[in-house]
Enquirer: 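The following block contains the structure, expressed as structure tokens.
The chain is numbered in sequence order, starting from 1.
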Amino acid sequence: MSDDKENSEEQGTDKVESGLEKNNNEKNANKTSGSRAPSRAKSRGSIGDQRKMVSRAGSHMSSRPDSIMDGLINRDVGADDDRPGSAHTISSETTGGWDTDLEIDATVIALRRKVREDYDATGRTTYKEACRLNGVIPVSYFLRHIGDSELVMKHHGLGPAGAKAIAIALVTNTTICKLNLSDNWLDAEGGIAIADMLRENCYITDLDLSENKLNNSGAKAVCDMLQQNNTLTHLTLAGNGFEDKSAEYFAEVILNNNKLDYLNISHNDFSEAAGEILGPAIAENITLKHLDLSWNHIRRKGALSLAKGVMNNIGLRKLDLSWNGFGNEGAEALGEAFKFNSSLEELDMTNNRISAEGAVLLGKGIMVNESLKTIKMAKNPMQTAGGYAILKAVKENTNSAIDELDFSTIQVNKDFEELFNETKETRPNLKVKHGGMQEEVKPKKQLNPMVKLQRFIQKNNLRLVDFFNDFDTDGSMSVTYDEFEIGLKNSGIDLSDDEIQYLISQLDSDGDGEINYSELYLGYAKK
């Protein structure tokens, strides 16, 4: 009896399983027939069902979040095959015989959400971890703006460690195109970290590392990076203590980098030697459009070398050489460069110790140049004569493109104003800035020498006859011109030689070459 009972139970189980399989096949057939029309007969060129199944395991898109997620799903599902209650092994007892598609879909959605939450494209998570490793506190401003196209972080006191953390986060950042980290005390160590980041980052095009004390070591790291980076177009490195040694690194960049079109290395410690190094590099460069070398100490041979570089350059549009020490010699060299250069449009020579003579020499080049549009010459000791010379050169050059002259702080006179009005007739758009009109110096009214003599006698309570007797050594009541002149000088009266001669000519009424007491008394009484 027991054997018969077991056999009947097994037969019943087989019937249930065959019935479930049949129902599933019917459901699948109904889904297929209900969703689309019957397919046509397949031609030889049709793709079979088996050929339609293509594996993407080796596809290049497997690094996408979805592909990563699919891998995680497959891995998790496979790992859970033996665990009760997993989505893949849900028994019919739990589901009551229903399909488990809903449970599997919920698991997929949950895994996809987790992968997307873990994947941080902005770099915030990386930055926090980098801050932990470098022992610095994360900057909340950086976290808030890491997704912006322009990030300005001036005066945040980052230091070398803070710079390293930011550099790590920006290696893979794809949103920031303009980065300003000026005045953060990065030092050479921080500058090296930023330079290493820019070897990998290919999105940042504008970088400002001004006032960070990078020194020569930082300059070398940045310049080495620029030999490889093809993205940066604007670079500002003002106020970093670069010396003449750094000029060698920048010369290599100017020679070899063909992407940089703006370079600011102002407010550093470049001197005469640096000018000699940079000049030949500038002559060969064809891509740099704006170069700022202001507030350095370039003079003498360095100034001459830079001027020669400008002469042979064909790409520069704007050159700032203000607050150096070019002097008249450098001005003359630039004047010669202007005769050959046909690309430079704006020149700033503010405060370069250029006198009126240097302005005249500079004007000789302006007289034939056809590209310059703006010249700034403020704070040079060239006075109105120097401004007049440059303005005259512009007036005489019929092909000149100059539309702005800056002579701020330099006063001009009526002659300059008249020349400017004449030039405006042919160049109505010409603008000239100057320090105002000079006040006319009226000649100081001369005080009559006899009045000075009267005041002296009255102040010292003297009698005129006693005053005269000091001159008249022989008691003749008459003195020669020489005796009278010597007596006036010895008395201490404030009279110039011209005033003494004028007084003598006025007192000697009879023209006998001597002055007697009567003549002195009459002249004294008239006043």
Enquirer: Atom OG in Ser149, atom CG in Asp206: separation rounded to 0.5 Å?
Expert: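 One finds 11.0 Å between OG of Ser149 and CG of Asp206.
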Enquirer: Quick check: Tyr141 with His156 (ring centres under 6.0 Å apart)?
Expert: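 Close enough - the centres of the two rings lie under 6.0 Å apart.
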Enquirer: Please determine whether a side-chain nitrogen of the Lys or Arg among Lys164 and Glu189 lies less than 4.0 Å from a carboxylate oxygen of the Asp or Glu.
Expert: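 A salt bridge links Lys164 with Glu189.
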Enquirer: Taking Arg317 for the side chain and Lys289 for the main chain, is one N or O donor matched with an acceptor at less than 3.5 Å?
Expert: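 Not confirmed, Arg317 side chain does not pair with Lys289 backbone.
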Enquirer: Can you check whether Ser496's main-chain N or O pairs, donor with acceptor, with Asp498's side chain at less than 3.5 Å?
Expert: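 No, the answer is negative, given that no donor and acceptor are paired below the 3.5 Å cut-off.
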Enquirer: For residues 217-227, pull every pair meeting salt bridge (Lys or Arg N to Asp or Glu O under 4.0 Å), keeping only residues two or more places apart or in separate chains.
Expert: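 Those involving residues 217-227 are Lys220-Asp224.
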Enquirer: Check whether any side-chain N or O of Asn229 sits under 3.5 Å from a backbone N or O of Leu198 as a donor-acceptor pair, and report yes or no.
Expert: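 Looks like yes, one N/O pair under 3.5 Å.
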Enquirer: Enter the distance from Asn257:CG to Met225:CE here, rounded to the nearest 0.5 Å.
Expert: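 Going from CG on Asn257 over to CE on Met225, the span is 9.0 Å.
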Enquirer: Counting only heavy atoms not in Glu329, do more than 12 fall under 6.0 Å of its CD?
Expert: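 No, because the 6.0 Å sphere around CD of Glu329 holds 12 heavy atoms or fewer from other groups.
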Enquirer: Report the distance from atom CG of Leu209 to atom CG of Leu235, rounding to the nearest 0.5 Å.
Expert: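 So the gap between those two atoms works out to 7.0 Å.
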Enquirer: Hydrogens and angles aside, do Asn328 and Ser355 bring a side-chain donor and acceptor to less than 3.5 Å of each other?
Expert: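 Yes, a side-chain donor-acceptor pair sits under 3.5 Å.
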Enquirer: Drop me the distance from Ile402's CD1 to Asn369's CG, to the nearest 0.5 angstrom.
Expert: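 Ile402 atom CD1 to Asn369 atom CG measures 7.0 Å (nearest 0.5 Å).
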Enquirer: Do the side chain of Asn352 and the main chain of Phe326 share a donor and acceptor less than 3.5 angstrom apart?
Expert: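 Here the side-chain-to-backbone pair exists.
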Enquirer: Within the 4.5 Å heavy-atom criterion, are Thr287 and Lys259 side-chain neighbours or not?
Expert: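 A side-chain contact is absent here, since even the closest heavy-atom pair is not under 4.5 Å.
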Enquirer: Under 3.5 Å, side chain of Asn380 to main-chain N/O of Ile354, donor-acceptor pair present?
Expert: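 Yes.
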Enquirer: Compare every heavy atom of Leu293 with every heavy atom of Asn324, then report the nearest pair and how far apart it is.
Expert: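 Closest approach of Asn324 to Leu293, heavy atoms only: ND2-O, 3.1 Å.
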Enquirer: Take Phe407 and Met382, measure what side-chain contact (heavy atoms from CB on, under 4.5 Å) needs, and give me the verdict at the end.
Expert: CA-CA 10 Å; Phe407 300 141; Met382 61 184 192; 3.5 Å; yes
Enquirer: Take atom CD in Glu248; do more than 12 heavy atoms of anything else shown fall under 6.0 Å from it?
Expert: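 Yes, because the 6.0 Å sphere around CD of Glu248 holds more than 12 heavy atoms from other groups.
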Enquirer: Which atom pair, heavy atoms only, marks the closest approach of Ala247 to Ile277?
Expert: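 Heavy-atom minimum between the residues: O-CG2, 3.7 Å.
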Enquirer: Do the non-hydrogen side-chain atoms of Leu226 and Leu232 ever get within less than 4.5 Å of each other?
Expert: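 SC-SC contact between Leu226 and Leu232 confirmed.
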Enquirer: Do Asn212 side-chain atoms and Ala238 backbone N/O form a donor-acceptor pair below 3.5 Å?
Expert: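 No; judged by distance alone, with no hydrogens or angles, the pair does not exist.
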Enquirer: A side-chain contact here means heavy atoms from C-beta on lying under 4.5 Å apart; do Ile504 and Phe484 qualify?
Expert: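 Counting from C-beta outward, Ile504 and Phe484 do come under 4.5 Å.
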Enquirer: Nearest heavy-atom pair of Ala163 and Ile194: which atoms, and what distance?
Expert: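 Looking at all heavy atoms of both residues, the closest pair is O-CD1, 4.0 Å.
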Enquirer: Could you grab the distance from atom CG of Leu179 to atom CG of Asp208, nearest 0.5 Å is fine?
Expert: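 With rounding to 0.5 Å, CG (Leu179) is 8.5 Å from CG (Asp208).
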Enquirer: Tell me the salt bridge (Lys or Arg N to Asp or Glu O under 4.0 Å) pairs involving residues 371-400, sequence neighbours left out?
Expert: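 For residues 371-400, and leaving out neighbouring residues, the salt bridge (Lys or Arg N to Asp or Glu O under 4.0 Å) pairs sorted by first residue read Glu346-Lys376.
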Enquirer: Considering all heavy atoms of both residues, which atom of Met153 and which atom of Leu158 are nearest to each other, and what is their separation?
Expert: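 Shortest heavy-atom separation between Met153 and Leu158 comes out as CE-CD2, 4.1 Å.
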Enquirer: What's the shortest heavy-atom distance between Lys339 and Gly365, and which atoms?
Expert: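 Residues Lys339 and Gly365, closest heavy atoms: CG-CA, 4.0 Å.
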Enquirer: Quick check: are there more than 12 heavy atoms from other residues, nucleotides or ligands sitting under 6.0 Å from OH of Tyr203?
Expert: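 At most 12 heavy atoms, drawn from other residues, nucleotides or ligands, come within 6.0 Å of this atom.
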Enquirer: Only pairs at least two apart or in different chains count here, so list each side chain to side chain donor-acceptor pair (under 3.5 Å) that has a residue in residues 418-435.
Expert: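 Counting only pairs at least two positions apart or across chains, no side chain to side chain donor-acceptor pair (under 3.5 Å) contact touches residues 418-435.
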Enquirer: Among Ile254, Asp292, Asn285, which one satisfies side-chain contact (heavy atoms from CB on, under 4.5 Å) with Leu263?
Expert: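 Only match with Leu263 under side-chain contact (heavy atoms from CB on, under 4.5 Å): Ile254.
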Enquirer: Any pair with a residue in residues 303-316 that passes side chain to side chain donor-acceptor pair (under 3.5 Å), sequence neighbours left out, goes on the list, sorted by first then second residue, please.
Expert: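 As it turns out, there is no side chain to side chain donor-acceptor pair (under 3.5 Å) pair with a partner in residues 303-316 once direct neighbours are skipped.
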Enquirer: Under 3.5 Å, side chain of Asp406 to main-chain N/O of Met377, donor-acceptor pair present?
Expert: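 No, Asp406 side chain to Met377 backbone: no donor-acceptor pair under 3.5 Å.
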Enquirer: Which salt bridge (Lys or Arg N to Asp or Glu O under 4.0 Å) pairs, counting each pair once, include a residue from residues 128-144, with sequence neighbours left out?
Expert: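 Only Glu129-Arg132 qualify under salt bridge (Lys or Arg N to Asp or Glu O under 4.0 Å).
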Enquirer: Do other residues, nucleotides or ligands put more than 12 heavy atoms under 6.0 Å from the CZ atom of Arg199?
Expert: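 Yes, enclosed.
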Enquirer: Report yes if the side chains of Trp185 and Lys213 come closer than 4.5 Å at any heavy-atom pair, otherwise no.
Expert: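 Yes. Closest side-chain heavy atoms under 4.5 Å.
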Enquirer: Does the side chain of Thr233 come under 3.5 Å of the side chain of Asp261 through a donor N or O and an acceptor N or O?
Expert: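 Result is no, nothing qualifies.
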Enquirer: Quick one, Leu488 with Leu503, criterion side-chain contact (heavy atoms from CB on, under 4.5 Å). Give me CA distance, side-chain angles, the key distance, then yes/no.
Expert: CA-CA 10 Å; Leu488 289 174; Leu503 191 58; 4.0 Å; yes
Enquirer: According to salt bridge (Lys or Arg N to Asp or Glu O under 4.0 Å), does anything in residues 263-277 pair up with another residue at least two apart or in another chain? List the pairs.
Expert: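 Applying salt bridge (Lys or Arg N to Asp or Glu O under 4.0 Å) to every pair that reaches into residues 263-277, excluding sequence neighbours, yields Glu272-Arg300.
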Enquirer: Within the distance-only criterion (no hydrogens, no angle test), does the side chain of Asn268 pair as donor or acceptor with the backbone N or O of Asn240 below 3.5 angstrom?
Expert: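 A pair under 3.5 Å: yes.
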Enquirer: Cut-off 3.5 Å, side chains only: do Asn215 and Ser217 have a donor facing an acceptor?
Expert: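 The answer is no; no qualifying pair exists.
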Enquirer: So does Met367 get a backbone contact from the side chain of Asn397, meaning a donor-acceptor N/O pair under 3.5 Å?
Expert: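 Judged by distance alone, yes, a pair lies under 3.5 Å.
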Enquirer: The test is side-chain contact (heavy atoms from CB on, under 4.5 Å); show your working for Asn180 and Leu151 and say whether it passes.
Expert: CA-CA 6 Å; Asn180 188 336; Leu151 177 63; over 6 Å; no
Enquirer: Looking at side-chain heavy atoms only, is the closest gap between Leu344 and Phe338 below 4.5 Å?
Expert: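 Yes, their side chains come closer than 4.5 Å.
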Enquirer: Would you compute the distance between atom CD1 of Ile366 and atom CG of Leu347 and round it to the nearest 0.5 angstrom?
Expert: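 So the gap between those two atoms works out to 8.0 Å.
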Enquirer: Does any N or O in the side chain of Asn184 come within less than 3.5 Å of the main-chain N or O of Leu181, such that one atom is a donor and the other an acceptor?
Expert: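 A pair under 3.5 Å: yes.
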Enquirer: Could you please spell out the steps behind the side-chain contact (heavy atoms from CB on, under 4.5 Å) verdict for Glu150 and His145?
Expert: CA-CA 8 Å; Glu150 179 178 359; His145 296 278; over 6 Å; no
Enquirer: Of the non-hydrogen atoms in Ala378 and Ser408, which two are nearest, and what is the gap between them?
Expert: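 In terms of heavy atoms, the two residues are closest at CB-O, 3.1 Å.
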Enquirer: Quick check on the 6.0 Å ring-centre criterion: do Tyr249 and Phe242 meet it?
Expert: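 Not close enough - the centres of the two rings lie 6.0 Å or further apart.
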Enquirer: Should the pair Lys178-Asp148 be classified as a salt bridge under the 4.0 Å nitrogen-to-oxygen rule?
Expert: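 No, no charged N to carboxylate O under 4.0 Å.
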Enquirer: Between the side chains of Ser246 and Asn216, does any donor sit under 3.5 Å from an acceptor?
Expert: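 Ser246 vs Asn216: donor-acceptor pair found between side chains.
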